[in-house]
Amino acid sequence: WLYRGILEYYLGFKVRGDTLRIEPVVPESIRYYNIRFRYKSSTYYIEVHNYSPGRKTIYLCDDIACIMNDCIKLTDDNKIRHVMVKIENS
């Protein structure tokens, strides 16, 4: 439960069905972290850049189709995807 609590609350890593949302509450002193996440047959390499915590979230993905309604659309297609998440002032 501790691992899941840190991952979901502190790092803001929230998987719901086939979508992923990143909403971290880490302090400003933590400027960057990364997560390797396996969703069925696909692998996601996710970089989170914490420029201004708790503000606007911007997703950049090597496959533009993976961004939908401020979430990352997870797919089971045996591909490797790279996602960058920027947290900055709105």
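What you see is a predicted model, and the numbers here were worked out from it, not measured in a lab.
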pair [X]-[Y]: side-chain heavy atoms closer than 4.5 Å:
{"X": "D18", "Y": "T75", "result": "no"}
{"X": "Y44", "Y": "I35", "result": "no"}
{"X": "H49", "Y": "R31", "result": "no"}

- Message: Using side-chain contact (heavy atoms from CB on, under 4.5 Å), reason through N50 and Y32 one step at a time and then give a plain yes or no.
- Response: CA-CA 6 Å; N50 187 27; Y32 168 84; over 6 Å; no
Honestly curious: do [X] and [Y] fall in one hydrophobic cluster under the side-chain, below-4.5 Å linking rule?
{"X": "L7", "Y": "Y10", "value": "yes"}
{"X": "I30", "Y": "Y3", "value": "yes"}
{"X": "I6", "Y": "V48", "value": "yes"}

How far does [atom1] of [X] sit from [atom2] of [Y], to the nearest 0.5 angstrom?
{"X": "D62", "Y": "I80", "atom1": "CG", "atom2": "CD1", "answer": "10.0 Å"}
{"X": "F37", "Y": "S42", "atom1": "CZ", "atom2": "OG", "answer": "10.0 Å"}
{"X": "D77", "Y": "K40", "atom1": "CG", "atom2": "NZ", "answer": "11.5 Å"}
{"X": "N34", "Y": "R36", "atom1": "CG", "atom2": "CZ", "answer": "10.5 Å"}
{"X": "R81", "Y": "I72", "atom1": "CZ", "atom2": "CD1", "answer": "10.5 Å"}

- Item | Which atom of E8 lies closest to which atom of K14, heavy atoms considered |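 Looking at all heavy atoms of both residues, the closest pair is O-CE, 3.5 Å.
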- Message: Tell me whether the count of non-hydrogen atoms from other residues, nucleotides or ligands lying under 6.0 Å of CZ in R4 goes above 12.
- Response: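 It does not: R4 CZ has 12 such atoms or fewer within range.
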- Item | Criterion side chain to side chain contact (heavy atoms under 4.5 Å, CB included) against P24, the qualifying member of I87, L11, V85 |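 With P24 as partner, side chain to side chain contact (heavy atoms under 4.5 Å, CB included) holds for just one option, I87.
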- Message: V83 vs E47, test: side-chain contact (heavy atoms from CB on, under 4.5 Å). Steps then yes/no.
- Response: CA-CA 6 Å; V83 178; E47 297 179 19; over 6 Å; no
